[in-house]
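See structure below.
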Amino acid sequence: MKKSFFKFMLSFAVTAFVVSCSGDDNGSGGSTCSDGIQNGDETGVDCGGSCTPCADAVVELSGEVTEDTDLDASKEYKLTAAYIVKAGASLTIPAGTVIKASGGTAAFIGVERGAQIFINGTAGNPVVMTSDAAEPAPGDWGGLVIAGDAPTNKGVDVTTEVGDLTYGGATADDDSGSITYLRVEYTGATFSNDKEFNGVSLFGVGSGTTFEHVQSYNGGDDGIEFFGGTVSGNYLVSIGSGDDSIDFADGWTGNGSYWYIAGGAKAGIEGSNNGDNGDATPVTTTTLSNITVVGPVTEGALFFKEGGGNFTIDNFYASDIDLGVRVTAGDAPAGVRIEAGDLAITNIQFADAAETFSATNYEGANQSFYTEGIATGAGNGANSPDWAAGWTIGLENSETISENLAGVVTGDVSLSASIEYLLTGSFIVKEGGSLTIPAGTVIKASGGTAAFIGIERGAQIFINGTAEAPVVMTSSSETPAPGDWGGLVIAGDAPTNKGVDVTTEVGDLTYGGATADDDSGSITYLRVEYTGATFSNDKEFNGVSLFGVGSATTFEYVQSYNGGDDGIEFFGGTVSGNYLVSIGSGDDSIDFADGWTGNGSNWYIAGGAKAGIEGSNNGDNGDATPVTTTTLSNITVVGPVTEGALFFKEGGGNFTITNFYTSGVDLGVRVTDTDTAAAARIENGDLDINPIQFAAPAMGFLATDYTGLNLSFYTEGDNTGAGNGAAQPDWATGWTTGF
């Protein structure tokens, strides 16, 4: 039998707030509103329903619940002492119920092992347990303590550290009830310096229990803590905890997803095995996903502690922290587990990192236990997740200023132009994944050869810049210089004369296949700056490197600026490149080779150290097939150059070039006298340039150093090149730099 379990501090005022009405029925169901009896649709005596208003009923909660008991959301509850649901009984709290507590350690709600609690809040009407103080503060009351019969590595029939409840057994699927849409506020009453209540404490709670959509707000100790047990926790929020935000220990083997944590004093998440014996069994084992920790924190976004355990964590977003993963130097069991691969964190992203930031303080050999990547965390990165709307408190959509980029992209990921991205390592879009970068996005890189963006064969990149708001990839150095970082490397499945399934000379991506119309995405209005990080004297990153990229890929309005090696290079493939700019390259400005069969138009080149354009077939075999074949039009090369406006090299290929404008060069077309494959093609008429203009030639100018018979492969004539001769073309206005 169910009954209401109330101790009234204030009795109902029967005649107070009575709505004047006649003795006849004044509403549905026979309410009379003046007969001194609760009847009809009244919720109190002569009040509520059609007789509203109703005198408030304040109900005191204390003592023991020994039978199944239901609270009433229309009542205001005051928790003044321990309120314990005894074994065999249940407590049901409906949506919208508010319980206000006072009394420090004396006031808490406890659920014994073998008892159940049903908190049935909703997103629109959560259950709220809070402080009764006029000026509430952390530590005003104890919080919610639940004891279950599931296993822990503390033993069987042990006592909760607060509340003196017995917990721990062998019932993994033990059922302590269901808790949904609950908010606890101002908990953390202190027994001693090392013994405090948490917001919600779950001791040996079993997997038959539902624990979802729960928030701790401004608690004096941990927000939510799992002490062993098997219960999982999903959609959890911890804001403003005085110690750790979410804590688990003692052989907890539940899982968790969608945790949003902010403003905790110590660790965002503290995960441990056993404070007395780091090797105790069962070992804490969990899979966590979709986690956000917003700092600052003093003990790491994750504190892997007291033996840690077996943790698998994915999609972990950490913002404004100085330390990602903390491991105490003397914690030998934790170190052993890390070395054994028992801590695996994938797609962890560090945003707005503090100046003293370290990803981890762990000094052991295994530094690959975490991999960086793009993460959404609990849903919106550092911002309040959508699922937390309506039932939580204290969440602020603080705008994120910067985020780290490193690791891998395995799905479809979009960046945001409102965030400045810091590229600190390799950032690889894996096969099947895509990366979308909107107009106006800025990515700042550091780390030399370690920092580059790579697009695997079978992946895609969409760079959606505009003339007014290009996407910019640049150096993060205060004094940027060529070679500060790697650049953009794209691998495709189109044919090359290097073969199939070959490896990019930088980035170690596989490329080359038989799909001429392969689609690696779309790149428009992109500027890359200060690239060209050096592996060796003959192996350097370019600004943009396209390996076997297919013709379905869009590559237009792209600039390389002050790169340490080539500006833009096509390694085979069929993609075309239009409206390209290369200024200040440390080697060749635009380079194509290895059987490239795309075309190009409107190229503006200036200030390159070697060739304006280097066009070749194959460095190992000038006759390799497919032969580099291209039609170029509307080309400007502004010197000086040291290897010609065009270097026809390593077999060259089949080139048709129209409207080619050069200025300030000492050599128009260079051909090495030992390159027999290139010479054979020139003699065969496979190089055709008409017209080419040599404006303001440098001292010692030669149109070509080719000494073969066919010197009619070029025809001189006035033209406009990329649009305005040596001047900046109109199409380059607004999105380029360095003119």
Side-chain angles (χ1 to χ4, degrees), residues 314-317 346-351 370-377 381 403-417 419 421-439 441-445 447 449-465 471-474 485-494 501-513 515 517-528 531 533 541-550 552-555 558 568-571 573 575:
D314 182 61
N315 192 21
F316 192 169
Y317 185 100
T346 53
N347 294 318
I348 186 169
Q349 183 169 9
F350 301 110
Y370 71 93
T371 58
E372 295 185 56
I374 287 289
T376 55
E403 293 182 358
N404 278 18
L405 288 182
V408 297
V409 171
T410 56
D412 298 326
V413 169
S414 295
L415 304 188
S416 170
I419 295 172
Y421 294 95
L422 304 177
L423 181 68
T424 57
S426 62
F427 184 53
I428 309 297
V429 184
K430 304 294 286 183
E431 180 181 0
S434 71
L435 175 66
T436 299
I437 307 178
T441 302
V442 176
I443 298 172
K444 294 185 176 180
T449 56
F452 68 96
I453 296 175
I455 313 301
E456 283 192 347
R457 183 174 61 181
Q460 291 184 303
I461 186 169
F462 299 94
I463 296 178
N464 301 325
V471 170
V472 178
M473 301 177 180
T474 188
W485 67 289
L488 174 61
V489 182
I490 305 174
D493 195 51
D501 299 336
V502 285
T503 302
T504 60
E505 67 178 32
V506 289
D508 291 330
L509 306 180
T510 301
Y511 74 98
T515 311
D517 62 349
D518 191 40
D519 185 359
S520 294
S522 174
I523 298 174
T524 57
Y525 291 104
L526 166 67
R527 190 170 77 236
V528 295
T531 58
F541 277 104
N542 306 307
V544 182
S545 302
L546 302 106
F547 290 88
V549 175
T553 308
T554 299
F555 189 72
V558 178
I568 299 168
E569 185 162 2
F570 302 84
F571 296 84
V575 64

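Numbering starts at 1 and runs along the sequence shown. Side-chain atoms are counted along with the backbone in the values below, which use heavy atoms only and exclude waters and symmetry mates.
No donor-acceptor pair under 3.5 Å is formed between the side chain of Y421 and the backbone N or O of T441. Formation of a donor-acceptor pair under 3.5 Å by the N347 side chain with backbone atoms of N315 is not found in this model. With hydrogens and angles ignored, the 3.5 Å screen pairs no side-chain donor or acceptor of N542 with any backbone N or O of V544. With hydrogens and angles ignored, the 3.5 Å screen pairs no side-chain donor or acceptor of T515 with any backbone N or O of D517. Under the 3.5 Å distance criterion, the side-chain polar atoms of S434 are left unmatched by any main-chain donor or acceptor of Q460. Formation of a donor-acceptor pair under 3.5 Å by the Q349 side chain with backbone atoms of A375 is found in this model. Using a distance-only test at 3.5 Å, with no hydrogens or angles considered, no donor-acceptor pair links the side chain of T510 to the main chain of D501. In this structure, R527 contributes its side chain and V558 its backbone to no donor-acceptor pair below 3.5 Å.
K430 and A459 get closest at one heavy-atom pair: O-CB, 3.2 Å. Of all non-hydrogen atoms in T449 and F541, the two that sit nearest each other are O-CE1, 3.7 Å. Across all non-hydrogen atoms, the minimal contact from A451 to A445 is CB-CB, 4.5 Å. Minimum heavy-atom separation, V409 to I374: CG2-CG1, 4.2 Å. Minimum interatomic distance between G550 and A494 (heavy atoms only, all atoms of both residues): CA-CB, 3.7 Å. Listed here is the closest heavy atom pair of A417 and P438: N-CG, 3.7 Å.
Under the 4.5 Å side-chain criterion, counting only non-hydrogen atoms from C-beta, I523 is not in contact with T554. V506 places a side-chain heavy atom less than 4.5 Å from the side chain of V489. Residues I461 and S520 form no side-chain contact, since every pair of their non-hydrogen atoms from C-beta on lies 4.5 Å or further apart. Side-chain contact check for L415 versus L405: some heavy-atom pair is nearer than 4.5 Å.
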Could you walk me through whether K444 and T424 satisfy the side chain to side chain contact (heavy atoms under 4.5 Å, CB included) test, starting with their C-alpha distance in whole Å, then the side-chain angles of each, then the deciding distance to 0.1 Å, before giving a yes or no?
CA-CA 9 Å; K444 294 185 176 180; T424 57; over 6 Å; no
Tell me, with the steps shown, if Y525 and V471 meet side chain to side chain contact (heavy atoms under 4.5 Å, CB included).
CA-CA 6 Å; Y525 291 104; V471 170; over 6 Å; no
Chi angles and distances behind the side chain to side chain contact (heavy atoms under 4.5 Å, CB included) call for Y317, T376:
CA-CA 6 Å; Y317 185 100; T376 55; over 6 Å; no
One pair to check against side chain to side chain contact (heavy atoms under 4.5 Å, CB included): I455 and L509. What are the steps and the verdict?
CA-CA 8 Å; I455 313 301; L509 306 180; 5.8 Å; no
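The CG atom of L526 sits 6.5 Å away from atom CG of L488, with the distance rounded to the nearest 0.5 Å. With rounding to the nearest 0.5 angstrom, the CD1 atom of I453 is 7.0 Å from the CG atom of L435. Annotation: the span from S426 atom OG to D508 atom CG amounts to 10.0 Å, rounded to 0.5 Å. Expressed to the nearest 0.5 Å, how far CG of D493 lies from CG of D519 amounts to 12.0 Å. F316 CZ to I348 CD1: the interatomic distance, rounded to the nearest 0.5 Å, is 5.0 Å.
Between F427 and F452, a ring centre-to-centre spacing not shorter than 6.0 Å is recorded.
Using modelled atom types and a 3.5 Å distance limit, the side chains of E456 and Y511 yield no donor-acceptor pair. Side-chain polar atoms of S522 and N464 form no donor-acceptor pair below 3.5 angstrom.
Between F547 and F571, the ring-plane angle classifies as parallel under the 30° and 60° cut-offs.
For the side chain to side chain donor-acceptor pair (under 3.5 Å) with D314, the lone residue among T410, T346, T371 that qualifies is T346.
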